[in-house]
Amino acid sequence: MEFDATKVDAALAEILGHSEFRPDAEFPVVVTSAPGLLDQLLGEVSARGRIRHVLTPLHAVSAWLPLSAIAEFSRQPLVVDMELPGESGVAHL
Amino acid sequence: MERVREALFLGGPPSVDGSGVRVAVVDTGVDAQHPDLADSVTEVRSVVPLSPSGTDRSGHGTHVAGIIAGRGVVDGRFRGIAPGASLLVIKAFHQLGRGYSDDAARAVLDAVEAGVDIINYSASFEPSGGPPPWKWPRAPRDVLSRAVEHAIQSGVLVIAAAGNAGPRPGSVGRPAVLSAALAVGSLDWNGVVGGASGRGPVYKEADLREPARYDAVTDAATCTEESKPDLVVPGGELPTMSGAVRMRGFPLGIVAPRSREAEALEGLDPADPDAPYARMAGTSQACAIATGLAALAFEYSRRQGLNLGPDPGKAIRALMMEAARPPKVGTRDDYGRGSLLWVNLRATIDDCVASDARRRAIIEGPQLRVL
């Protein structure tokens, strides 16, 4: 699947590079827009997937998106960064 | 909590209790009906998409909230550090204590928007791919780091657990690795940095997108090091000594409020009035204790008329760093600036009230720069 490797983090790049995933397989992803373009990005992401969070101060939106859409968004000029959300755990023994 | 309070408040109990200070607890939710927390918790939210209730089914969030601002209604021995503080609890982790970074980022942003003074983040992202030492990007672009940076730039003090991946070097997790966050490690009951407490240094590389293992032999030239954690406080860890001694005198964990929902899940009777507390240990608990101390410092500074400048969060962080003292054992990579007692923090604030030159040196001085 063709994607812009300069805009995606290593974990997402690994998934995009795996031929075993179908294009409609959905993954959570954080998409960051260029400043001032969040509304436009939000509209486009909403049309392709399910919104998890709108992170306005960060010009970002997180959503479940099909792999094909993730690859397409990485090639769009309004997108500056994409990442797979990391997992975090509480810190007690 | 009784033992922790005795240790932290050597020289006498504080004259303040955190009143007027708003603290966000980004965690597993809270038992807001617990008698010790009913008046402290002013709002509960959830940002976990599949768990819209702020109910705490883990017990971790309730324990952390109780350490910060539990009122000791059921048993005064287990009063929190700053029982006058008000808590906004935002659930970002599910009942197994795990969560995604975009949920946590949303919680941090919501806390900033709500106007809190402090964010308590008793959780840690520990990268996959192997044990520490870890290497981190110099300018992190991940969503949680950006949210925490936004909070700090908005004047909020972000206090984060160093994580429990110690004692290997380079074992401080995210977001505690961020330069401007206050990273808290834990002391055991002997006043020694706990074996599991995350250690420095923090290895950073310029162009790295994701954390990876640090190979000290081959990668040294591409990395720089930063000092972390920033300070240490008790976290209820067992001393590193023989099992027999552990069993006799050093129970694992700090006693603080227990979520009744978690009790029910564990098969205990949630209505049992004799069991409203639980023991937990680690840098989560240490983080909450540091947050309680920060809340006391906010209120005390305001009452003394101390000018904290345009960025109160950074100012309180600088005061806490200045007041920390090296513990009897360990290195700077173990304990950062040292352990923190209220008597030293109060004295540092008093110094700044008495001397504007001292205030400027601490609050506006080089201590605020990246260490």
Side-chain angles (χ1 to χ4, degrees), chain A residues 3-18 26-38 41-42 45-46 48-65 69-70 73-74 79-93, chain B residues 27-28 47 49 58 60-61 63-64 92-93 96-106 109 112-113 122-128 141-144 146-147 150 154 160-164 173-176 194 196 198 208-212 235-237 252-253 280-287:
Chain A
F3 63 98
D4 184 343
T6 66
K7 294 183 184 175
V8 303
D9 70 4
L12 202 50
E14 189 174 340
I15 289 171
L16 287 163
H18 259 285
E26 289 193 341
F27 289 87
V29 63
V30 180
V31 189
T32 302
S33 75
L37 297 178
L38 179 60
L41 176 67
L42 184 57
V45 171
S46 300
R48 300 293 301 271
R50 290 172 289 138
I51 300 294
R52 286 168 56 85
H53 299 295
V54 180
L55 308 165
T56 305
L58 309 182
H59 317 294
V61 57
S62 69
W64 286 96
L65 283 171
I70 294 173
F73 278 121
S74 78
V79 172
V80 297
D81 195 87
M82 301 181 76
E83 71 174 271
L84 194 70
E87 197 179 5
S88 179
V90 296
H92 78 94
L93 294 170
Chain B
D27 216 290
T28 59
V47 296
S58 155
H60 187 273
H63 198 263
V64 163
F93 305 104
L96 299 179
R98 310 290 301 176
Y100 287 106
S101 56
D102 60 332
D103 296 340
R106 165 73 185 278
L109 297 177
V112 175
E113 191 175 354
S122 285
S124 180
F125 173 83
E126 297 170 356
S128 59
R141 287 152 59 184
D142 68 280
V143 69
L144 176 58
R146 286 190 286 150
H150 170 78
S154 302
N164 301 318
R174 184 162 66 196
L208 196 68
R209 283 295 308 266
E210 279 300 299
E237 281 194 61
L252 174 67
M280 290 189 190
T283 56
S284 280
Q285 282 60 42
C287 180

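Hydrogens, waters and symmetry mates play no part in the numbers below; they use all other heavy atoms, side chains included. Throughout, a chain's letter reflects where its sequence line sits, starting with A, and its residues are numbered from 1.
Closest of all the heavy-atom pairs between B:Ser101 and A:Pro85 is OG-CA, 3.3 Å. Taking all atoms of both residues into account, the shortest heavy-atom contact from B:Arg141 to A:Thr6 is NH2-O, 4.1 Å.
The residue among B:Gly235, B:Gly97, B:Gly198 with the most heavy atom pairs within less than 4.5 Å of chain A is B:Gly97. For the set B:Ala281, B:Ser154, B:Pro49, the count of heavy-atom pairs under 4.5 angstrom toward chain A peaks at B:Ala281.
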Residues 49-61 of chain A side chain polar contacts: donor-acceptor under 3.5 Å, at least two apart:
| from | atom 1 | to | atom 2 | distance (Å) |
| --- | --- | --- | --- | --- |
| A:Arg50 | NH2 | A:Glu26 | OE1 | 2.6 |
| A:Arg52 | NE | B:Asp102 | OD2 | 2.7 |
| A:Arg52 | NH2 | B:Asp102 | OD1 | 3.0 |
| A:Arg52 | NH2 | B:Asp102 | OD2 | 3.3 |
| A:Arg52 | NH2 | B:Asp103 | OD1 | 3.1 |
| A:His53 | ND1 | B:Arg106 | NH1 | 3.1 |
| A:His53 | NE2 | B:Val47 | O | 3.2 |
| A:His53 | NE2 | B:Asp103 | OD1 | 2.6 |

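Contact of B:Ala161 with chain A is made through the side chain alone, with heavy-atom distances under 4.5 Å. With a 4.5 Å cut-off on non-hydrogen atoms, B:Ala286 does not touch chain A at all. With a 4.5 angstrom heavy-atom cutoff, B:Thr283 touches chain A via backbone and side-chain atoms both.
The distance from the CZ atom of B:Phe125 to the CD atom of A:Glu87 is 9.0 Å, given to the nearest 0.5 Å. In this structure, CG on B:Asp142 lies 12.0 Å from CG on A:Leu84, to the nearest 0.5 angstrom.
With a 6.0 Å radius and a threshold of 12 heavy atoms from other residues, nucleotides or ligands, B:Tyr100 has its OH atom at or below the threshold.
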